[in-house]
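Sequential numbering from 1 along the given sequence is applied to the chain's residues. In what follows, every heavy atom counts, from backbone to side chain, and hydrogens, waters and symmetry copies are set aside.
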Amino acid sequence: MESAESLLEGLDPEQRLAAESLIGPVRIIASAGSGKTKTISHRIAYGIASGVYAPEKVLALSYTARSAAELRTRINSLGVPAVQVRTVHAAALAQIRYFWPQLTGVSAPSIATSKKDLLTQTLSNLKIESNQAILRELAAEIEWWKYSLLSPEEYQTSKRSLETINHSVASEVIVEYESVKSKSQQIDWEDVLLLNLGMVKSEPQIAEHIQSQYRFFTIDEFQDVSPLQFALVQQWMGDRSDLCVVGDPRQTIYSFAGASQKYLNGFESMFENAVSIELSNNYRSGREIVNLANSIMSDLSPMQAVAGLGDIRLRRYQSDLAEADAVSKMIAEDINNGMPASEIAVLFRVNSQAEVLSEKLSKLGIRHQLKTQERFFQQQVIAKAVQMIRASRFVEDKPASEIVADVLRELGWTMSPSGDLSAWESMQSLYEALTDQPLSIAETIELVDALQLQHFEPVRQLVTLSTIHAAKGLEWRKVYILGASEGLLPFRMSQSPEEIEEERRLCYVGVTRAKQSLSISYASESGELSRFLRDLVDKNTED
């Protein structure tokens, strides 16, 4: 392991101050591209190398398996042993699986592979017609309800505005959903946190065990914390205050899922003697891109560009079809000019915007992947494949790799790209993940369990099509933002001042995904240019 002082070399003054602030409550405001993962990893390593932290007493938490894996890799590369780096869900589930049998004498409840299956049964029981849009919105609404720590009665009085179904009907669905889930003896992913919270609050000996196990906490993406997650972390900490939170108030874009800025913004009022440090240097994006991001969020302190020049183009088209056609041809030109496909992304507000572009890219032979907020194992085709693989548990006359291939072929997969390319890429990713090494079918099912627990998301060397929500935390050399018009950005359903501000933050997130080149486009037939991007009208505009 490196010496304590050498671990601070290469950090800028703000990052170094954060790394040296080891004890008590610490808030790090980390703007986009400011090197927060580097700062967090060096802070933990410095704390251990200087003897302030015992490595086994450190728990670092993130909200996605990808970000947790990146932080774990960074810490390991600094020679630090034994530090636990997990997603909040993984940490909570590990505790439930350890303590539940001791409390009840039985194994922990099984986790439902898909809310949609439970919701389909729920709606059938209530004699309510359903479609994918309704199921998707209800699944998101259940997450919001649970993350907000509301009772069914409190949800009923919340007067939520929904797009596909009446709020009072959604209230009925929530009650019936819980009944259906209970009868099936399953829990969902939000229940993992709720059960853990209830377990720790009601069992002093468990609380004491967890609180003695971990002393120093680090939480990344703290702007996305929900009331449920914050309540859980408070129980894990007990009466200690050695908590470091890292986040960017400009990137709170998950209010619809229960996230709240109040924990990051109000950190100093919640924790006495809290230290607050701001990382303002942007090492990711070129100067022009940083300037645009600063203009979008002009009410907050600006970022400082240190990565050189960047390129921005604003393009207006007559129609969505013309926009998709032009963007697909520009992507083909990028690739022909030597840019790796994995360094190119197209971002948009809603999934439906990707359909025409995906068709155009397919016709040009450009392989691409559709990344959405829906987790990999929540995708309909992947959930079905997993269900079929689990059902093959007792097949013993075939290698597991052949069983996986047979299952996927039944769902339309072939060895070469064909049909729905997005579905094919997902199935191909599952095939590669499960057949990378020779395993028995039982071992393969155990691997599926582990990947689900880690919120596994495949990384492929393809052009990425993504909602802006799903792109947070990622970066590309060249980014296209599609459909940057009123009605899409901000989205037409966003009406209140709070909702409009969240859409502004979403625009900021989209812009700051670009490292060197940013192309923003919109179609005249869809509406006027987004209000957040009006500063671009007089320059960088092409018709």
Practice task
With the side chain counted from C-beta on, respond yes when L264 and T252 share a heavy-atom pair under 4.5 Å apart, and no when they do not.
Solution key: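 Side-chain contact under 4.5 Å: no.
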
Handout entry: Student check: side-chain heavy atoms of S31 and Y508 closer than 4.5 Å
Key =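 S31 reaches Y508 side chain to side chain.
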
Rounded to the nearest 0.5 Å, what separation is found between the [atom1] atom of [X] and the [atom2] atom of [Y]?
X    : Y    : atom1 : atom2 : result
I206 : Y98  : CD1   : OH    : 10.0 Å
S226 : L149 : OG    : CG    : 7.0 Å
I28  : D220 : CD1   : CG    : 9.5 Å

Salt bridge or not between [X] and [Y]? Use side-chain N to carboxylate O under 4.0 Å.
X    : Y    : answer
K115 : E190 : yes
E20  : R43  : no
K478 : D311 : no
D449 : R390 : yes
E14  : K36  : no

Non-hydrogen atoms of [X] and [Y] that approach each other most closely:
X    : Y    : result
A32  : R513 : CB-NH2, 4.1 Å
G247 : Q223 : CA-OE1, 3.1 Å
I500 : S494 : CD1-O, 3.4 Å
L447 : L434 : CD2-CD2, 3.9 Å

Exercise for the section: Kindly say whether the aromatic ring centers of H209 and F99 come within a distance under 6.0 Å. Expected result: yes

Practice task
Determine whether the aromatic ring centres of H469 and F256 lie less than 6.0 Å apart.
Solution key: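 Yes - the distance between ring centres of H469 and F256 falls below the 6.0 Å cut-off.
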
Problem - Parallel, tilted or perpendicular: rings of F271 and F230 (30°, 60°) - result: perpendicular

Problem - R72 side chain to V85 backbone, donor-acceptor under 3.5 Å - result: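 Between the backbone of V85 and the side chain of R72 there is a qualifying donor-acceptor contact (under 3.5 Å).
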
Handout entry: Under 3.5 Å: donor-acceptor pair, side chain of E503, backbone of F491
Key =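 Judged by distance alone, yes, a pair lies under 3.5 Å.
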
Practice task
Can you sort out the partners of R136 under salt bridge (Lys or Arg N to Asp or Glu O under 4.0 Å), two or more places apart, ordered by chain and number?
Solution key: none

Exercise for the section: Using salt bridge (Lys or Arg N to Asp or Glu O under 4.0 Å) as the criterion, list what pairs up with E498, not counting sequence neighbours. Expected result: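 With sequence neighbours excluded, E498 shows a salt bridge (Lys or Arg N to Asp or Glu O under 4.0 Å) to no residue whatsoever.
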
Exercise for the section: Before giving the answer on side-chain contact (heavy atoms from CB on, under 4.5 Å), spell out for H368 and T464 the whole-Å C-alpha distance, their side-chain angles and the decisive distance to 0.1 Å. Expected result: CA-CA 6 Å; H368 54 281; T464 298; over 6 Å; no

Problem - Any residue meeting side chain to side chain donor-acceptor pair (under 3.5 Å) with S426, in chain and number order, not counting sequence neighbours - result: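 Only Q379 meet the side chain to side chain donor-acceptor pair (under 3.5 Å) criterion with S426.
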
